[in-house]
Number of protein chains: 4
Amino acid sequence: MAYRTTPKMVERKQARRNALLTAAIRLFGRKGFHATTVPKIVAAAHSSTGSFYFYFKNKEDIFAAALEVIGESISQALNEAIAAAGPEVLRQMRTAVKALVRFLADHPEEARILIIESSGLGKRLETVRRNLVASHTRSVEHALTAIRGQLPPMETAVVASCWVGAVYESVFHWLEQPPDQRLPAGQLAQAIASFNLRAVGAPREVLQE
Amino acid sequence: MAYRTTPKMVERKQARRNALLTAAIRLFGRKGFHATTVPKIVAAAHSSTGSFYFYFKNKEDIFAAALEVIGESISQALNEAIAAAGPEVLRQMRTAVKALVRFLADHPEEARILIIESSGLGKRLETVRRNLVASHTRSVEHALTAIRGQLPPMETAVVASCWVGAVYESVFHWLEQPPDQRLPAGQLAQAIASFNLRAVGAPREVLQE
Amino acid sequence: MAYRTTPKMVERKQARRNALLTAAIRLFGRKGFHATTVPKIVAAAHSSTGSFYFYFKNKEDIFAAALEVIGESISQALNEAIAAAGPEVLRQMRTAVKALVRFLADHPEEARILIIESSGLGKRLETVRRNLVASHTRSVEHALTAIRGQLPPMETAVVASCWVGAVYESVFHWLEQPPDQRLPAGQLAQAIASFNLRAVGAPREVLQE
Amino acid sequence: MAYRTTPKMVERKQARRNALLTAAIRLFGRKGFHATTVPKIVAAAHSSTGSFYFYFKNKEDIFAAALEVIGESISQALNEAIAAAGPEVLRQMRTAVKALVRFLADHPEEARILIIESSGLGKRLETVRRNLVASHTRSVEHALTAIRGQLPPMETAVVASCWVGAVYESVFHWLEQPPDQRLPAGQLAQAIASFNLRAVGAPREVLQE
DNA sequence: GATGAATGAGGCTTCATTCAT
DNA sequence: CATGAATGAAGCCTCATTCAT
């Protein structure tokens with residue numbers, strides 16, 4: 001009757017929530033939102049329907065949570081990469097693209113959720129996904145604005161969209177191919193980065209790795 | 001054995017089928033595949049469940065038909081544009097991009113179906129959609145290969161994906177914005193075309209309209 | 001404007017009706033009543049839905065017509081056999097059983113309709129089928145009554161049912177087996193006839209063929 | 001992790017399942033497989049569609065379950081009867097027939113399901129039903145083989161089918177008659193048993209009860 | 001008479017969500 | 001907090017039947 005929530009309980013709580021979330025990410029990534037049913041998630045997580053609705057408001061909610069987790073993972077990966085890239089903006093951008101491609105290539109389920117499976121899911125989720133993508137787009141836009149002087153004039157908002165679209169679509173296409181016919185991830189990343197950098201008129205030196 | 005199929009009957013048949021297909025495209029474009037139900041389609045087309053299944057095998061089937069119609073419309077638009085662009089490949093490519101952007105901007109429902117709503121829908125539809133997008137990608141790839149000598153070396157397959165992705169994502173982003181805040185379609189098209197052409201290393205002259 | 005119905009027309013009419021009926025019998029016999037759809041019947045008969053409903057009131061109607069055709073074929077086969085069997089009643093009965101078994105074995109589709117597929121089909125058809133079977137049962141009952149003196153006392157109505165049931169069930173069972181594992185039809189007929197004759201207490205001499 | 005399945009829950013589960021199954025048996029027996037719809041079953045059982053599909057895979061499944069329940073009831077009735085009949089095989093057979101007839105006469109819905117309504121329902125159900133009937137047939141066959149020496153030579157497999165068919169058809173016929181015109185069940189059973197025993201050439205003594 | 005397009009009632013089934021234990 | 005049985009709305013689809021040509 002003493003403590004309502006001991007530390008151990010909190011831990012367990014998180015553990016169960018995570019188990020559900022992890023299972024959900026795997027299933028969403030493999031089968032998509034609609035083909036993934038709540039019963040399947042709870043089965044995969046060795047949990048129960050009741051628990052599911054204790055931790056998540058509904059199916060949309062866990063999908064949104066999944067998107068957020070993915071978004072955070074990506075942010076982290078990008079930030080680390082950028083931090084390691086030194087102060088030069090174009091170099092940071094190149095590094096960021098490559099980090100993003102690598103992340104998506106290494107986490108195909110997350111990639112599918114982000115790029116493919118979260119389309120056409122109703123306003124709420126579309127918004128969550130949009131924000132995620134938009135945060136990338138905005139980063140690109142910021143960067144471009146910061147070095148505006150070094151580059152030819154351009155419609156930065158549109159260019160930022162193109163930049164992100166180029167990454168997503170080509171990774172998507174790459175993921176759709178049978179693994180044994182894929183270009184090595186490194187080359188894919190390099191090719192995309194070059195495409196984008198050239199597209200914004202980066203000087204020749206930064207195009208090579 | 002008397003009356004076979006009179007021309008008038010054939011006409012009506014086509015009309016009915018088209019009514020269903022048109023209604024379906026509108027709904028798919030607005031609400032997506034899953035939120036569009038067969039009852040809603042038949043209601044919008046002033047038809048009946050029975051007729052629906054007389055003309056289409058099932059819901060997937062009409063979606064595939066919709067994608068095909070869209071694909072054909074786009075092909076036609078692109079071919080016309082390219083034909084009018086003269087013999088120079090890079091100029092053709094620029095024209096094609098702009099024609100595509102214009103088409104998508106003018107047909108937002110079709111655009112949504114193509115870009116967003118047809119992802120993550122199961123193998124059959126994914127294939128149809130893939131073929132459609134792939135046909136664009138391949139066209140780009142062909143063009144790039146044809147003028148390989150004039151351009152810096154590149155991973156053409158990846159570049160083609162980037163090219164298409166840049167178009168789709170930026171148009172999508174544009175469509176998501178409230179109409180009164182949108183860049184004029186012409187400028188959008190111009191910006192995307194420039195992005196892509198610069199990305200493949202086109203000489204400065206072709207970058208301007 | 002002269003004759004409303006020429007003989008040739010009557011002929012054609014019959015021909016089309018027969019085509020439908022024949023196709024229906026084949027399909028009913030193979031797939032059963034419910035799995036046989038009107039579209040399938042008209043397709044198999046190279047006819048049309050409209051014609052179907054011109055010649056038959058509805059699906060039940062054509063099934064009833066099929067049962068009648070089958071009943072008539074069987075009656076004819078039995079009458080011929082009995083006529084050829086001479087005046088002795090028990091010999092007639094034995095002949096009749098064997099003729100029935102042969103007919104069913106030779107016409108498996110008709111047999112399936114009569115024995116299997118027409119069960120559980122609603123009052124109307126059950127009645128038609130029942131009358132058919134009942135007419136056999138009654139024949140048996142008549143015969144038994146006619147020679148009451150030569151046989152041990154028995155509940156003739158029940159015995160007649162048993163007699164018919166023995167035939168149907170064993171033919172049914174026989175039909176269900178793969179053709180290459182079946183007893184030859186002649187032996188089957190013989191075995192059933194013996195069973196029934198012995199069951200009514202027929203003297204030893206008539207048990208053999 | 002606290003409360004697992006309490007005994008009370010298991011009890012309720014069984015109760016709910018049984019309610020559905022019982023309602024289904026009644027409806028199947030009265031209206032047949034096709035005329036019995038899932039909504040009707042759940043209404044009769046005061047349950048819900050969801051529960052139905054929680055306990056049974058589909059409509060076929062509950063029909064199969066019904067057949068199994070019926071089969072078990074019959075087996076039990078027969079085994080009890082046989083056990084009480086002493087060691088003599090022919091006497092056991094006579095007892096078994098009478099027990100079966102009594103069971104069917106006492107359970108007309110179950111009888112209809114077994115004899116009539118389960119024919120022509122597709123492979124799966126046909127198999128279940130076949131196995132049920134076949135188990136009777138085989139019992140008869142075993143018995144006949146066991147006492148082969150005391151009986152005239154015969155095609156035991158065919159004879160077993162005849163035996164079962166005689167029972168089913170005559171009970172069916174009996175059930176079809178209005179209750180007030182029916183022979184008392186005891187006499188029916190006696191008549192059928194005599195028919196079958198005489199048919200296999202049983203000596204006169206066992207023919208009487 | 002013949003044709004086949006059109007209709008719509010109604011069946012089966014799934015699954016997100018709730019709630020008693 | 002955990003469990004899983006229960007619910008029922010709603011979707012997809014089939015098919016017997018009608019009717020305009």
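Below, chain A is the first sequence line, B the second, and so on; all start at residue 1. Bear in mind that the values here come from a model prediction, so they are computed numbers and not experimental data.
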If I take atom [atom1] in residue [X] and atom [atom2] in nucleotide [N], what distance separates them, rounded to the nearest angstrom?
X	N	atom1	atom2	value
Y55(C)	dT17(F)	OH	C1'	18 Å
Q14(A)	dC1(F)	CD	P	10 Å
F54(A)	dC1(F)	CZ	P	5 Å
D61(C)	dA16(F)	CG	C1'	14 Å
F63(C)	dA16(F)	CZ	P	13 Å
R12(D)	dT3(F)	CZ	C1'	15 Å
K13(D)	dT3(F)	NZ	C1'	12 Å
I62(A)	dT17(E)	CD1	C1'	14 Å

Do side-chain atoms of T36(D) reach the backbone of L27(D) as a donor and acceptor pair under 3.5 angstrom?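 Confirmed, T36(D) side chain pairs with L27(D) backbone.
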
Measure the shortest side-chain to side-chain distance between [X] and [Y] over non-hydrogen atoms and say whether it is less than 4.5 angstrom.
X	Y	answer
S48(D)	V42(D)	no
F56(D)	R17(D)	yes
D61(A)	R124(A)	yes
F63(C)	V128(C)	no
R129(C)	V133(C)	yes
L125(D)	S118(D)	no
T37(A)	K40(A)	yes

Please tell me if R16(A) has a side-chain N or O lying less than 4.0 Å from either OP1 or OP2 of dA2(F).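 So the side chain of R16(A) is within the cut-off, an N or O lying under 4.0 Å from OP1 or OP2 of dA2(F).
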
Spell out protein contact along nucleotides 10-15 of chain F as letters: B when the base is contacted, S when just the sugar-phosphate is, - when no protein heavy atom is under 4.0 Å; keep the 5' to 3' order. -SSBBB

Counting side-chain heavy atoms from C-beta on, which of dG4(E), dA6(F), dG8(E) comes nearest to S48(D)?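 So the nucleotide nearest the side chain must be dA6(F).
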
Please round to the nearest 0.5 Å and tell me the distance separating atom CG of L114(D) and atom CD of E109(D). 13.5 Å

Classify the nucleic acid contact of F56(B) as base, sugar-phosphate or nothing, counting any heavy atom under 4.0 Å across all strands shown. nothing

Sort by first number and list every stem of DNA chain E: at least 3 consecutive Watson-Crick or G-U wobble pairs, both distances under 3.5 Å.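 Paired runs of 3+ in DNA chain E: E:2-21 with F:2-21.
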
